[in-house]
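What follows is one structure encoded as structure tokens, with my remarks underneath.
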Amino acid sequence: MTKSLLLAVCLMALALPALGDRHITETPLVVEVRDQKNPIVFEPRVVFEDYRVDGFYSDLYLYDFRTTTVVPYATGSRDQWFPDMWGDLIVWMDNRTGVPGSPSKSDIFYSTQLGQQINLTNDSLDQYWPSASRGFVFWEEGLSLTRWNIMGANLAAPGRFTVAEPSTEAHEVAAAYPWVVWKVLVPATQYDLYAKNLMTGQEILISNAANDQQFPHTDGRYVVWEDWRNSATISDIYVHDLLTGVQTALCTNSAKQEFPRVWGNFAVWADWRAGRGDIYGYDLVTGQEFPICTAAGDQMNPSIHGNRVVWQDKRSGNFDIYTATITRDYAATPDIAQAKMLPDGAEIVLSGRIVTANFGAEAYIEDPDRNSGIRITGAWEVSAGSVVTVQGVMGTRRGEREVRADLVTVTAGVQPLAPYEVRTGNIGGRGFHPNVPDVESVRGRLHNVGLLMSTCGLVTATGDGWFTVDDGCAVSDGEGNTGVRVLDSGGAPLGKFVRVTGIVSVHQTGGASYAAVRTRSSADVTVVDP
């Protein structure tokens, strides 16, 4: 037995699926005499409402895990509350512009650095419930008592835009760009949930089940919400997968579950089955529910980013901020090729890998020696050239191996990798292990799914969101077209020669997997012969 094969066998033995081996490590974060509420986590920081000054009006404070310090972030007359955060962007509702006799007047403020407080809306209308994502801010805006729209603003561009403009009320917006979700009042009956992809303009119904669906949250792949379909008085937690369209009940306990949040592999919520508020979680990889905190007093309003959860906690008599991390028994894996040999459910760590693409709800990484690449799931703040450590669980989806990432940590940055030059007949390749799916190709035996590559050829067919390109290898896309399929955001002119750069991926049709190239942006397709 060769040394490499022996290593692979040992890795498989160490990293077989082990359901229920999550570990919860809990820590008090901010403990004060007066209340702290509504925490939002986005590693490495937590923003929260703080009532320490007078016990009545809230300010926003910020905790930094890197320095373990707490600092005031947004202060002013009246309330700064209901914050949201994505990276350096923090948004919140602010009542400082309210006039006497109209204390409910609320604007949306934002900041990208300590000491900055910018009024984004600053008009006579009421704006509530802000959500931040990738340089965008979204909120609900009241035109009247019975007319509310969902609005948005790109902080890199002037003005604002309308996301949803129903004839009734739209509320409780949540965003992970390009996806935005909200609830809509169906006249005089109930609230339903809708979502919109701002890149494609596609709007979809998430749920119009009986009774109300409300308090949605999304990480760009999953949408979670409170769902009242099974009872008009007790809410359950449901999830919708934006990639697959599959909808699942996460918790239908006879007690109330509320205020769900989701990120990557975990959903969390406040749960009242013990007669008080506890924090529960659901592992979207294993399909298991598990308790996170069941201490005395109420635990409420959880937030999650990666494997870190925060919540407001009343075990000491007033609300403090607590945190917990969710980990597994990860096994260090020497390279991506070895990881691909492991079965679905194997819990792994890949360190020092280089990001080649970020598609929003998933990204791609390569080994430093460029021998192999793989998809990682989750809306992580990474870009081409980021050096990352990935902790997660192996899986297979759409004929392609992936790491369902619990946590992705950026450790350094390098010059973005240049693509390999490759003929279309060599894109894809045969699986080199029973756990690695075959991909149809003309002559390619080398499995290169997940690698950044470039090819050149004639555009032979076009469709909605794709085209095929052929360089004489005469590969098939499985649907009667000659050429490798390019999954492209901008299209290409039929009959022209183009250069295509992107990630080698998989296109499935008729029960078989065919090679495909996922371009990262329209700049990845250039016309060679105009």
Side-chain angles (χ1 to χ4, degrees), residues 15-29 39-46 48 63 65-66 85 176 217-222 224 237 239 241 248 250-251 253 257-271 273-274 277-295 299-313 315 321-333 344-351 361 376-381 388-395 402-410:
L16 288 173
L19 301 182
D21 63 346
R22 291 168 299 272
H23 310 290
I24 309 297
T25 305
E26 179 189 299
T27 309
L29 207 60
I40 299 294
V41 61
F42 200 105
E43 288 276 23
R45 302 184 299 171
V46 179
F48 55 93
Y63 180 92
F65 288 103
R66 297 165 296 188
M85 176 166 54
H217 185 255
T218 184
D219 68 345
R221 174 173 178 178
Y222 297 106
V224 293
I237 306 299
V239 65
D241 189 332
T248 308
L250 297 188
C251 183
N253 186 275
Q257 294 84 41
E258 60 184 0
F259 304 125
R261 308 279 292 195
V262 65
W263 191 277
N265 293 337
F266 301 110
V268 296
W269 64 86
D271 193 296
R273 70 186 68 185
D278 294 322
I279 304 302
Y280 271 69
Y282 188 93
D283 190 329
L284 293 163
V285 176
T286 66
Q288 293 177 313
E289 176 192 288
F290 59 97
I292 294 173
C293 180
T294 59
Q299 291 82 44
M300 301 169 59
N301 293 330
S303 173
I304 185 169
H305 181 240
N307 68 340
R308 183 176 292 280
V309 186
V310 298
W311 64 90
Q312 65 185 61
D313 194 301
R315 71 183 70 183
I321 305 299
Y322 275 66
T323 184
T325 55
I326 308 167
T327 58
R328 309 179 198 265
D329 294 326
Y330 306 108
T333 309
D344 289 354
E347 299 167 352
I348 69 164
V349 177
L350 287 166
S351 299
I376 61 174
T377 65
W380 308 102
E381 285 294 278
V388 297
T389 295
V390 179
Q391 301 175 15
V393 181
M394 288 301 300
E402 65 182 10
V403 182
R404 299 190 64 176
D406 292 338
L407 182 65
V408 175
T409 305
V410 178

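Because the structure is a prediction, the values reported are computed rather than measured. Counting begins at 1 with the first residue of the sequence. Only this structure's heavy atoms are used, side chains among them; waters, hydrogens and symmetry mates stay out.
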Practice task
Without swapping roles, check the side chain of N307 against the backbone of I326 for a donor-acceptor pair under 3.5 Å.
Solution key: yes
Practice task
Quick one: closest heavy-atom pair of T218 and G220, and the distance?
Solution key: OG1-N, 3.0 Å
Handout entry: Spatial distance of atom OG1 (T25) from atom CZ (R308) [nearest 0.5 Å]
Key = 9.5 Å
Handout entry: Test log, rule side chain to side chain contact (heavy atoms under 4.5 Å, CB included), inputs L350 and V403
Key = CA-CA 10 Å; L350 287 166; V403 182; 4.2 Å; yes
Practice task
Could you tell me whether the side chain of S351 and the main chain of T389 form a donor-acceptor pair under 3.5 Å?
Solution key: no
Exercise for the section: Report yes if some heavy atom in the side chain of R66 is under 4.5 Å from a heavy atom in the side chain of R45; otherwise report no. Expected result: yes
Exercise for the section: Taking the side chain as every heavy atom from C-beta outward, state whether L284 and Y222 have any pair of such atoms under 4.5 Å apart. Expected result: yes
Exercise for the section: Spell out, as yes or no, whether a donor-acceptor pair under 3.5 Å connects the side chain of H217 to the backbone of V262. Expected result: yes
Completion exercise
The side chain to side chain contact (heavy atoms under 4.5 Å, CB included) partner of C293 among V268, D313, V309, I24 is D313
Exercise for the section: Starting at CD of E26, measure out to CH2 of W311 and round the result to the nearest 0.5 Å. Expected result: 4.5 Å
Exercise for the section: Just do the ring-ring contact (aromatic ring centres under 6.0 Å, His included) check on Y282 and Y280 with the steps written out, would you? Expected result: CA-CA 7 Å; Y282 188 93; Y280 271 69; over 10 Å; no
Handout entry: Beyond-backbone contact of R261 with V224, side-chain heavy atoms, under 4.5 angstrom
Key = no
Practice task
May I ask you to check whether H305 and D219 show a side-chain donor-acceptor distance below 3.5 Å?
Solution key: no
Exercise for the section: Kindly compute the distance separating CD1 (I376) from CG (D406), expressed to the nearest 0.5 Å. Expected result: 11.5 Å
Exercise for the section: Give a yes or no answer on whether the side chain of S303 reaches the backbone of V41 with a donor-acceptor pair at less than 3.5 Å. Expected result: yes
Fill in the blank from the handout: When rounded to the nearest 0.5 Å, the distance separating OG1 of T294 from CZ of R315 is 9.0 Å
Completion exercise
Rounded to the nearest 0.5 Å, the CZ atom of R273 sits from the CG atom of D278 at a distance of 8.5 Å
Exercise for the section: Taking N265 for its side chain and G392 for its backbone only, find out whether a donor-acceptor pair lies under 3.5 Å. Expected result: no
Problem - Any Q299 side-chain heavy atom under 4.5 Å of Y322 side chain - result: no
Completion exercise
Here the gap from W263 atom CH2 to W380 atom CH2, rounded to the nearest 0.5 Å, amounts to 7.0 Å
Problem - Nearest heavy atoms of I279 and A270, plus distance in Å - result: CD1-CA, 4.4 Å
Practice task
Using a strict 4.0 Å threshold on nitrogen-to-oxygen distance, state whether R328 and D283 make a salt bridge.
Solution key: yes
Problem - R22 vs I292 side-chain heavy atoms within contact, under 4.5 Å - result: no
Handout entry: Test item: E289 and N253 side chains (from C-beta on) under 4.5 Å apart, heavy atoms
Key = no
Fill in the blank from the handout: Taking every heavy atom of A405 against every heavy atom of V390, the minimum-distance pair comes out as CB-CG1, 4.1 Å
